[in-house]
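Remarks on the structure that follows.
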Amino acid sequence: AALLSTLCQLDDSLQCLHRALDIKPIDSYVTSQIVGLLSISEFNPAEIKSVCKKVISLNLKPNGIDGLFNLGLCYVQIEDIDNALKLFLEAEKLDDRDTGTWFQLMEVYFKKQDAIKTIEYCDKLIAANKQFEEAVNKKSRVLSYTGRSIPAISLLQDTLNNNPRMDFLWFTLSEIHEQNNKFSDALESARQCLALLMQNENSNRTKIDAVKRRIDSLRQKASNGDATSEIQQALQQLKKAEAEHVGEKPHADAIRQLTKIYTKNGDKQKALYYCDMLLKTTNYITDFGHKAMVMSHFGDHAEAVQLLTDILKEWPTVDSLWYVLSKINEDHDNIKDALRAAMKCHDVLAKSSKPNKQHIAEIEARILNLRNL
């Protein structure tokens, strides 16, 4: 299998691996060789996962640090992070200076979103100057998503001052700047990344195209101006709250403001992300109207109408949602539907236990205007 792999005859190589695993009895040394081969060959993820499942099904007792380590890798491949963690921790007990084990522990704790433990192993790798670039990358990302963007950016900038050719870290720095609405800085970092990739003849074409698309997107956002320091502060507050699972109502106004910023800057994904965060934070039915308006802004008119229609079937007395539905239909020249929704809004307001005369007058004026269109 190893020889066939070096000749790029991957199908035949894979058949040999499966045959080796079918031989009884088989020991953990052989399975370790097989897993080692998987890590250096060009098998696709589905094939690697298939072999790893087969290794695990043998229920072999791992022998020594290599056996523990390789079985841990198998569990990583099938996304069983808890069992992978147990095996890597056992391997670390046998050799607490093994940087390969540190790297896998860093990866596993990152997937488990354990910020403290992830940074612990990042720091070990950085101090040992092993897997240095990835350790700095992971640490900066953890610092950022736990609301500590300033030290995250400082870490990346200090590292790049000494190692300016690490294109991967320029990309990470660009992402973190963008997350903090510093679009000009994000654009400059992306340009640095692209320049390095273009200088390297071995650079992946797909990666180059992705960075170019990123630059085009950031150029548009930067042209609209970077967000104010007030909004940057709101974003940091929200990131920290999200990391600590504290999505409380006091953050609702900041979330609404962020949806406006991302909507204005043309970032559909993040605008809708904060719409959903708002719904989880407030649990207000009326905030579905907020999301529908954002969806409509980005051209998802039919989806926005369907969202409101579904909500109003269950909550037909929410006048503000009828108003939003009317507005969205009018914006897309569906005047009859806009008029129908406005009349439903009027009915709900009129039947309210405490009718708001001003709101009723406003919707009546709207109905009159729609009838004249």
Side-chain angles (χ1 to χ4, degrees), residues 1-139 142:
L3 289 171
L4 289 166
S5 175
T6 61
L7 295 171
C8 296
Q9 298 179 30
L10 297 181
D11 289 341
D12 292 336
S13 176
L14 191 66
Q15 288 183 24
C16 288
L17 292 182
H18 280 292
R19 287 177 62 188
L21 288 169
D22 287 337
I23 295 171
K24 306 292 185 181
I26 192 169
D27 59 32
S28 61
Y29 174 71
V30 176
T31 59
S32 289
Q33 288 184 307
I34 290 171
V35 175
L37 179 58
L38 291 175
S39 67
I40 61 173
S41 299
E42 298 298 323
F43 299 115
N44 69 48
E47 291 168 339
I48 294 173
K49 182 177 290 188
S50 174
V51 174
C52 288
K53 285 182 177 179
K54 203 164 191 175
V55 170
I56 291 169
S57 71
L58 296 174
N59 293 315
L60 297 172
K61 184 177 180 180
N63 183 22
I65 187 171
D66 287 341
L68 291 163
F69 183 85
N70 285 305
L71 188 57
L73 290 179
C74 287
Y75 278 111
V76 168
Q77 287 296 331
I78 68 168
E79 299 175 5
D80 186 342
I81 302 303
D82 290 333
N83 274 317
L85 177 59
K86 291 177 184 176
L87 289 161
F88 291 136
L89 288 173
E90 287 183 41
E92 186 184 32
K93 289 179 182 177
L94 296 179
D95 184 356
D96 62 2
R97 302 297 301 170
D98 184 72
T99 56
T101 303
W102 288 351
F103 180 82
Q104 293 303 326
L105 284 167
M106 175 188 72
E107 293 283 339
V108 169
Y109 280 124
F110 183 80
K111 290 176 180 177
K112 290 176 69 68
Q113 297 187 346
D114 187 328
I116 294 175
K117 297 299 289 186
T118 302
I119 289 177
E120 176 186 330
Y121 285 98
C122 288
D123 287 340
K124 286 185 177 184
L125 289 165
I126 291 170
N129 199 27
K130 297 292 185 180
Q131 301 284 354
F132 181 82
E133 188 171 3
E134 182 55 38
V136 171
N137 170 59
K138 283 287 191 300
K139 182 175 181 178
V142 171

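Residue-environment remark: NZ (Lys124) exceeds the threshold of 12 foreign heavy atoms within 6.0 Å. By the neighbour-count criterion of 12 heavy atoms within 6.0 Å, atom CG of Asn44 is densely surrounded, having more than that number from other residues, nucleotides or ligands.
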Walk me through whether Leu58 and Leu21 qualify under side chain to side chain contact (heavy atoms under 4.5 Å, CB included). CA-CA 8 Å; Leu58 296 174; Leu21 288 169; 3.9 Å; yes
Can Leu105 and Leu85 be said to form a side chain to side chain contact (heavy atoms under 4.5 Å, CB included), step by step? CA-CA 7 Å; Leu105 284 167; Leu85 177 59; 3.7 Å; yes
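Remark: Lys117 engages Glu120 in a salt bridge (charged side-chain N to carboxylate O under 4.0 Å, His left out) (not counting sequence neighbours). In this view, Thr99 and Trp102, Leu125, Ala128, Lys130 satisfy the side-chain contact (heavy atoms from CB on, under 4.5 Å) rule, not counting sequence neighbours. For Ser5, the side-chain contact (heavy atoms from CB on, under 4.5 Å) criterion is met by Leu10, Ser13, Leu37, Ser41, not counting sequence neighbours. By the salt bridge (charged side-chain N to carboxylate O under 4.0 Å, His left out) test, Glu47 pairs with no residue at all, sequence neighbours left out. In this structure, the salt bridge (charged side-chain N to carboxylate O under 4.0 Å, His left out) partners of Lys54, at least two apart in sequence or on a different chain, are Asp22.
Tyr75 places none of its side-chain heavy atoms less than 4.5 Å from the side chain of Ile81. Under the 4.5 Å side-chain criterion, counting only non-hydrogen atoms from C-beta, Glu134 is in contact with Asn137. Counting only heavy atoms from C-beta outward, the side chains of Glu92 and Phe88 never approach each other to under 4.5 Å.
Screening residues 94-116 for salt bridge (charged side-chain N to carboxylate O under 4.0 Å, His left out) gives Asp82-Lys112, Glu107-Lys138 as the qualifying pairs, with residues at least two apart or on separate chains.
The CG atom of Asp80 sits 7.0 Å away from the CD1 atom of Ile56 when rounded to the nearest 0.5 Å.
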